[in-house]
Every structure is written in C-alpha cells, then in structure tokens.
Student: 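Just passing along the structure, written as structure tokens.
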Amino acid sequence: MLKTTVAVVALCACLSMSAGTKPQGDESSSLPEAARAAMKNIDAEKIRATVKYLSDDKLEGRGTGQKGGDLAANWLADQFRAYGLQPAGDNGTFFQNVKFFGITTDQRKTHFRFVPKNGEEMALKFGDNFVATNESHTETAEIDAPIVFVGYGINAPEYKWDDYKGVDLTGKVVLMLVSEPPSDDPNFFKGKALTYYGRWTYKYEEAARRGAVAAILIHKTEMASYGWEVVRNSWGGESSYLQDEKGPKLKSAGWIQMETARRLAQAAGMDVDQMMKDALSRNFKPVELPVRLKETLVSKVRPFSSRNVVAKLAGSDAQLTKQAIFYTAHYDHLGIHRDEPGDNIYNGAADNATGCGILLELARAFAAAKPRPARSVFFAAVTAEEQGLLGSKYLGLHPPVPARDISLDLNFDDIQPFGEPEQLVVSGAERTDIYPEVEKAAKEFHMTIQPDDHPEAGHFYRSDHFSFARVGVPAFSVNEGALFKGHDLAWGEEKEREYVAKRYHQPSDEYKPEMDFTADAKLAKVGFALGWAVAGAPRLAGWQPGDEFEKARGASQARAGH
Ligand SMILES: [Zn+2]
C-alpha cells in the first residue's frame, strides 16, 4: 500500500518537473541571504574527493584503533583546521581521546560445542555456524553450562512483557531470538517499528544483568533484517568496548545461524519452529534445554585508544553561543581482516566516507558564513560506530557543551551516491518539535518525506544520533529514499537491494568513478538549512510530549535548573 502511494506521488513530481515548472533545489527561499550564500559552497565534487581519499586502500578500511583509522582522524582534523574552525576536543586539540579494549576471537583456538544429555555432541565452526566475542576482556574463557531458551529475552514492563518470569540465570547460557514480538499495534512494542528491546545490544546487556555467563542469539534474516554475512563480517574482526563502561559482562556474546539452531533444537528433542511460536506469547516461560554449551573462547585483548574528531564554529550571539547544534558522521569502518583470503580491506566508501564528505562540506560552508548563526555549531567525526556506536556514545556522555545546551544533532550515515534524490528519510524527526522545520526544508528542496520503509529494522537505534538521543538531545539521521530524478522508484529500490546484497559491510564497498554525489550534496544542503534554522531559533529544540527520550531531556535540564 505504502509503496503504491509513494509511486503515485513520485509520478506527479516527475510530470511537473518535465513541464519545467519547478525551480531548482538550491533556492531555499526562507533562508536568510547569509545562509544561502554560505550553502552555495557545498560541492558534490568535494564530497567525491573525500570519499575517494577515505576509502582508498591506503587507509586500510579505517579500522578503529588501526593505523588507517588514525590516518583518517588526522586528515579530518587537518580539514577542519584548514576551514578555520576551532578545536573542540581534549586540551585544545581537535581530538577527543576514547579508550577501548579491542577483542579479537582466536578462531583456531576457540571451540564451541553443544553437548546434549543424550546423543552426539555438535562441534560448530566459527563463521559458518557461530560467532562469539568475550565482552569481559579476559584472554581465555571456559564455559560449561546449561542452555536456557528465553524467547526474545525481553523484560519490558511498559508493554507488560517479561520473557524471564523471574527464572534465575546465574551462571547459565541464554539462547534468544533476535528482534521483538511482531505486532501491528502501535501501543505494543511500537507496532511494526523496532524498539531498543529488539536490538542485540539490549539483549546482551539484559542477559549480563541477569548473571548469565553467555548469550547466543538465533539469527534469522527476516527477523534481524540483515543476512548472516553481516553478522559474520562484523564479528569476524576485532570488536571494541569502552574502557570506562562499568557493569556486568558476558564471557561469550554470540550468534548461531538458523540452521544450527534447528540442529540444536533437534538435539534437545525440540522443534525450533515451535519454540519460536511459543516465544510469541506473553505466557512464555524460559525452557532449560537438556544440552550444555562447552566453549573455550580464546581472545586477543588489546587496550588502545581511538579518537573522535571535534571542531567548533562559535555562535555570534553573546548568550546563545553557549548553546549548540551538532553535526555527526562516523569515520570508522571495519578495517582489515588479515585472516581472510583475497581482498580483505573493508574500504567503507558508502559506509561512511559519504557521511564524512557531507560533514566536511557542512563545516566548510558554515565556516564561510557571514554573519554566523547565533548558537555554536559543532562538527564531530566519530569513531567506533561499527563497534556499537561507541565513539558517539562517549561523545554523548562527555560532550564539549552540556547535553542540556545541545539543541539538535543531525547525523549522516551511508548516503548512497545514486544521483539526485527526491525523497527525504528523517526517521525520528517526527518525534521532535522541529518537525515543521523539517517539512519546510523538504518542501524547499522539492523532496517528499518518506516514512521509514523498514521500521522493523530499528534504524533509529542503529546510528550515531541515538547516542545523543539517549542523553536527551533531539537527534536523527538525514537520509534519502529510493526515488531518484530521472528514474522510477523500482530503479532506486533495485540499487538499494543490490548494495545490501553485494557491498554492505563487505570489501566491495569501494569508490567507483561512476558514483554521482549529487545525492550527498543535496542532503548536505538540506542538513545545512535545517541546522541553520535550529541554531538561530528562539528556543532549544525538544521532544514531543511523552516521547521515550523526553525523560532524559527533562533530567539533563532539571540538573541545570532550567
Ligand atoms: Zn555506517
């Protein structure tokens, strides 16, 4: 239904275009002259140059804590400096130092077996059947414990849902489904949309809080919304953890493939399809399987630091300059996987050299603005996004201005260079009180706002703006829909499908000369217009009443006596 509506709207837009009645996208008539003049600096070819440079093999896939990641950070700081921005990191530098533990599972020394009470044991193969990481930062973990199936592994009092039912999981292994109970009811796990409860990060956190030693997620593509390849590649290299993060940790946080789960259920005398059905009920209770996990998890533990790169343009108003808006984009990607044969550099051209290209153009354009907006504008290229939004998490917890004084964060992640987009995707913007500004910007750039095609994928919790939202700052990512000028919707959708299947989180996400960065320049301009408006608005932005993040906003402002 949704698709049909969009196609009709799109068709109308195309017709009016061909009739020549539509003005160019850059005019943005409601912006003041200073803003319009500054915005004109945004240049698609400069974004191309950034993407080409950052995704070159020389930068080795910009792995967090790897040489290539450090080179990228230095280079980004050099650009900010060249634009005349002020450093906003530690000790008068552009860098905010973030300390991590890097954990790499030693795939040869790691053994992972399911041992049923009766019948033959199953030895699994890393990568093919399972992946696992030790979150507790020790070099060796020995696990020999019973497996308990806990359904979705969710305890959500507001939805009257508790998969755990008070069962003691101390010292046990929990087996869980990815995602959350499916629903069309907006009052039950937000309907089709995924809440934070459906994210694997939540599931591991909750299992650890309950004293489990290990957690195993069952991967099912339709439920996870990404394929096994993505899990395998993301877990196949080094994973990072913030050093200053306290709280309980799992000795083994892993995934198994659907087929492996099927075999595990069989070994337990159970049926995986039935188990998944049982998990759909509020009355579900944890089930201990007559199967133990025997695992030796050997890891390389590497303490290291990586850096967020943070730059500032001071606001023009003596009072409001203490307040700020932020633009963010992660610069890290998956680095090199030295164990893998063939091309093992994960260049990350689309993900997220494109976002960095946009961030730099925003920085350059704002730096040239005369006069400047009233509030300060910060530009942050953050690290360790691919490790679980860790760089932005650190930035959100240690911002250069208090979170209560940050009006907005606009994030850019993976903006496909497919030409001129006619749809704007700003999921979560409707949860903030600046949505009318967003609608205005969309209109001025002749874009229709396209609702999230896949709310079930939980994109809102999977990109760096979430790190701002969780400390109360109104935040969302700016992205494009699938409709591009000169093409029908099916064309764009096919391009997206092809990207997800063939390049997303794979070494083939590389720069190609035929890439058309009009898309990225246009989204940079939309972001510019929006940021300009919010940076000069009379009031700080906020969340809609009752929103999940309103409480965090209120708490940060109460501390300041607002
Ligand atoms: Zn990304």
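When a ligand or atom number is given, it counts from 1 through the structure's own listing order.
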Student: Should D509 and Y504 count as side-chain neighbours, where that means a heavy-atom distance under 4.5 Å?
Tutor: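 Sidechains of Y504 and D509: no contact.
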Student: Once you measure the plane-to-plane angle for W235 and W200, does it fall in the parallel (<30°), tilted (30-60°) or perpendicular (>60°) bin?
Tutor: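 Answer is perpendicular, since the angle exceeds 60°.
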Student: Can you say whether the rings of W491 and H487 are parallel (under 30°), tilted (30 to 60°) or perpendicular (over 60°)?
Tutor: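 Parallel.
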Student: Determine the interplanar angle of the Y196 and F466 rings, folded into 0 to 90°, and report it as parallel if under 30°, tilted if 30 to 60°, perpendicular if over 60°.
Tutor: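 Taking F466 first and then Y196, their aromatic rings sit tilted (interplane angle of 30° to 60°).
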Student: Once the angle between the rings of F460 and F549 is folded into 0 to 90°, is it parallel (under 30°), tilted (30 to 60°) or perpendicular (over 60°)?
Tutor: tilted
Student: For F468 together with F326, are the ring centres under 6.0 Å from each other?
Tutor: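 Yes.
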Student: For distances below 2.8 Å, what is the count of protein N, O or S atoms around the Zn ion (ligand 1)?
Tutor: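 Near the Zn ion (ligand 1), the number of protein N, O or S atoms below 2.8 Å is 4.
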